[in-house]
Engineer: 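Dropping the structure in here first, questions after.
In listed order, ligands and their atoms are each counted from 1. Quantities reported herein were computed from a predicted structural model and do not represent experimental measurements.
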Amino acid sequence: MNQYPGKDKALRRNVLITGATDGLGLSLFRFFSQSGYQVFGLGRRPVDEFPHLSVENYLQVDLAASDLVQRFRQAWEAVGSPSFDIVVHNAGVGYLGDLSEQSEDSLRDLVRVNLTAPILITRILLSDLLDSEGKIVFISSVTTSLPTPSFAAYGASKAALEGFTRSLRVELEGRVEVQVIRPGATRTGMHQKVGMSKAKTRLFASPEKVAKEIFLAIQGKDRVVTVGRMNKLVTLVGPLLKWGPRHFKNPACHNVLITGAADGIGKALTLFYLNQGCRVIGVDRNEESGRALSTRHKKFQFIHADLFQDLRWADTLPTVDLVIHNAGINSTGPFETLESEEQDKVIELNLVVPLLLCAKLLKHRARTVFISSLSYFVSYPGASTYAATKDGLAHLACSLQGDSHTLTVFPGPVRTSHDRRHSPDNRREASRMEPNHLARLIGAAHRRGNRMLIPGLSAKGAAILGLVLPRAAEKLMKKVIYERFQPGNKKFKNEGSP
Ligand SMILES: NC(=O)c1ccc[n+]([C@@H]2O[C@H](COP(=O)([O-])OP(=O)(O)OC[C@H]3O[C@@H](n4cnc5c(N)ncnc54)[C@H](OP(=O)(O)O)[C@@H]3O)[C@@H](O)[C@H]2O)c1
């Protein structure tokens, strides 16, 4: 008799499992195979190292590669370009230690494997998954519910992955199932690969047990599944640790660093802190606006740099006591129409750059402000990669809280050229928050020592709706944003990244 549900109706169902060469992926591969699925595994090592894999069912791809899209396409073609009914994004890498000690390469690889690869592979396979009315499963982690100071980048990458799924699910509702599964600590090789001793993992759950729960969860319909009773409890109480109140006032700051300081919210913050008598170092790639600010304000120092290419200036900064991670770009439209390179850029500027800058600047022991987005509470169908990066930033802020004060800001629409460019039709421009008002609210929240700021009454209302009635908030976002992004909508114009 079949031990697992779904065997008979599952015959000939094609499944792709990434990271099928070790740990949970390897166990999952076995469960699916034993249940009659046609299983394909993806890994980075040569096929002859694995008895359960062959050239017919193995895609050898290094998910950290910069040309991942081409490599994946080639490997997929090599196994006959099968249509997958289920894709399990399981491959992942960890890092244990202070963010300031994590090398740039390790940080980039981690974000690529844990976040960028699942997004880009989903994009490649989406039209087939739409045809087969398939299912995409993202293996996240219970760490998304807690601050993760000893593995800040890992926690941020998994939180970003969940942010991506929340928005993508709204886009694909009724067409492709999107599921998130969060295991807790599991006794796999992942921990030793980042230097943890085997003895420390003794009490962790066995990979076979966790993989079996994951396998069963994939047969079900739940959108988010946390594996294990204790871990479920963690997801309930963890958010209190992330966002609980903090009762102290921040002293006034004197030297402020702002990324993306020459326009929009960044410029408003620059002017706000200059008015407070602070010195402001502003980084931007817009030379003309940056130079104009430095001509007008003696206390403004402009660093002309493209954050995509150059972060060397951060190594030689004078001491700063407040860092504001403001620079960001968006890429909007239905996910299946968006270019991979654009998604890659959004992840780079909005998440990788702040991670790298935090790693470089932690030695300043400065307080930090992260400009996230209201999408954290309500999803953002039509900009799922952007939403991912903003959730990643919010998690990073919580993880760095122990080092010094961090404030995460969740703005709704703001009257800037960025919002104008990415709104489906700009019908409600007048109702957007004025950037100078937002800057004042941020300055006040920082002085009060708040951990989070949802600026404005309508943003607060939307956030409460997202928390209390998430499905109603998703419906609303789908109607007011996503549906207007449909290519048939004449008002829709995606001008890409600024
Ligand atoms: N273990 C835990 O405590 C735990 C807890 C929560 C969530 N998770 C998540 O569960 C998933 C599986 O983790 P695990 O514990 O099974 O880890 P694991 O034993 O280290 O397995 C990870 C798999 O991902 C593959 N992989 C890593 N980097 C890759 C790359 N650049 N290209 C292609 N494949 C790559 C690994 O290949 P190699 O064999 O070549 O290394 C391996 O097959 C991950 O997403 C992890 O974040 C794990």
Engineer: Can you find a pair of side-chain heavy atoms, one from Y482 and one from V170, that are under 4.5 Å apart?
Structural biologist: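 They are not in side-chain contact.
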Engineer: Are any of the side-chain heavy atoms of L465 and L476 separated by less than 4.5 Å?
Structural biologist: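 Heavy-atom side-chain distance check passes, below 4.5 Å.
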Engineer: So, does A65 sit close enough to ligand 1 that a heavy atom of it is under 4.0 Å from the ligand?
Structural biologist: no
Engineer: I want to know if ligand 1 touches V93 in the polar sense, i.e. an N/O pair below 3.5 angstrom.
Structural biologist: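 No, no N or O pair falls under 3.5 Å.
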Engineer: Can you tell if the side chain of T188 reaches within under 4.5 Å of the side chain of V210, non-hydrogen atoms only?
Structural biologist: no
Engineer: Please verify whether a non-hydrogen atom of K158 lies at under 4.0 Å from ligand 1.
Structural biologist: yes
Engineer: With a cut-off of 4.0 Å, which atoms of ligand 1 are near a heavy atom of L24?
Structural biologist: 10 (O), 16 (O)
Engineer: What is the closest protein heavy atom to atom 17 (O) of ligand 1, and at what distance does it sit?
Structural biologist: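 The closest heavy atom on the protein side is M190 CB, 3.3 Å.
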Engineer: Below 4.0 angstrom, N of the basic side chain to O of the carboxylate: do R182 and E162 qualify?
Structural biologist: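 Salt bridge between R182 and E162, a charged N being under 4.0 Å from a carboxylate O: yes.
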Engineer: State the atoms of ligand 1, each with its element, that fall below the 4.0 Å cut-off from a heavy-atom position in A185.
Structural biologist: 3 (O)
Engineer: List every atom of ligand 1 that sits less than 4.0 Å from any heavy atom of I139, numbering the atoms from 1 in the order shown and giving each element.
Structural biologist: 9 (C), 10 (O), 11 (C), 45 (O)
Engineer: Under a 4.0 angstrom heavy-atom cut-off, which atoms of ligand 1 come close to R45?
Structural biologist: 38 (P), 39 (O), 40 (O)
Engineer: Which protein non-hydrogen atom lies closest to atom 20 (O) of ligand 1, naming both residue and atom, and how far is it?
Structural biologist: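 I find the closest protein heavy atom is K193 NZ, 2.8 Å.
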Engineer: Can you pull out the closest protein heavy atom to atom 7 (C) of ligand 1? Residue, atom name and distance to 0.1 Å, please.
Structural biologist: S140 O, 3.2 Å
Engineer: By number and element, which atoms of ligand 1 are closer than 4.0 Å to a non-hydrogen atom of G189?
Structural biologist: 19 (O)
Engineer: Check this for me, if you would: do E348 and R108 make a salt bridge, where the nitrogen-to-carboxylate-oxygen distance has to be below 4.0 angstrom?
Structural biologist: yes
Engineer: Which residue and non-hydrogen atom of the protein lie closest to atom 45 (O) of ligand 1, and at what distance in Å?
Structural biologist: N90 O, 2.7 Å
Engineer: Looking only at protein heavy atoms, identify the closest one to atom 14 (P) of ligand 1 and say how far it is in Å.
Structural biologist: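 The protein heavy atom lying closest is T188 OG1, 3.5 Å.
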Engineer: For the residue pair E101 and Y95, establish whether any side-chain heavy-atom pair is separated by less than 4.5 Å.
Structural biologist: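 Side chain of E101 against side chain of Y95, heavy atoms only: contact under 4.5 Å found.
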Engineer: For P207, is the nearest heavy atom under 4.0 Å from an atom of ligand 1?
Structural biologist: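 P207: no contact with ligand 1 (<4.0 Å).
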Engineer: Between E474 and R223, is there a salt bridge with N-O shorter than 4.0 Å?
Structural biologist: yes
Engineer: May I ask you to check whether G19 has an N/O atom sitting below 3.5 Å from an N/O atom of ligand 1?
Structural biologist: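 By distance alone, the answer is yes.
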Engineer: By number and element, which atoms of ligand 1 are closer than 4.0 Å to a non-hydrogen atom of Y154?
Structural biologist: 7 (C), 8 (N), 9 (C), 46 (C), 47 (O)
Engineer: Answer yes or no for V142: is there a heavy-atom contact with ligand 1 below 4.0 Å?
Structural biologist: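 No, V142 has no heavy atoms under 4.0 Å from ligand 1.
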Engineer: Check the pair W243, F410 against ring-ring contact (aromatic ring centres under 6.0 Å, His included), reporting the backbone distance first and the verdict last.
Structural biologist: CA-CA 13 Å; W243 300 115; F410 300 96; 5.7 Å; yes
Engineer: Taking only heavy atoms of D62, which atoms of ligand 1 are found under 4.0 Å from at least one of them?
Structural biologist: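 Taking each heavy atom of D62 in turn, ligand 1 has 30 (C), 31 (N), 32 (N) under 4.0 Å.
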Engineer: Examine Y58 together with F29 and report whether their ring centres are nearer than 6.0 Å.
Structural biologist: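 Between Y58 and F29, the centre distance exceeds or equals 6.0 Å.
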Engineer: Would you say R187 contacts ligand 1, with heavy atoms under 4.0 Å as the rule?
Structural biologist: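 No.
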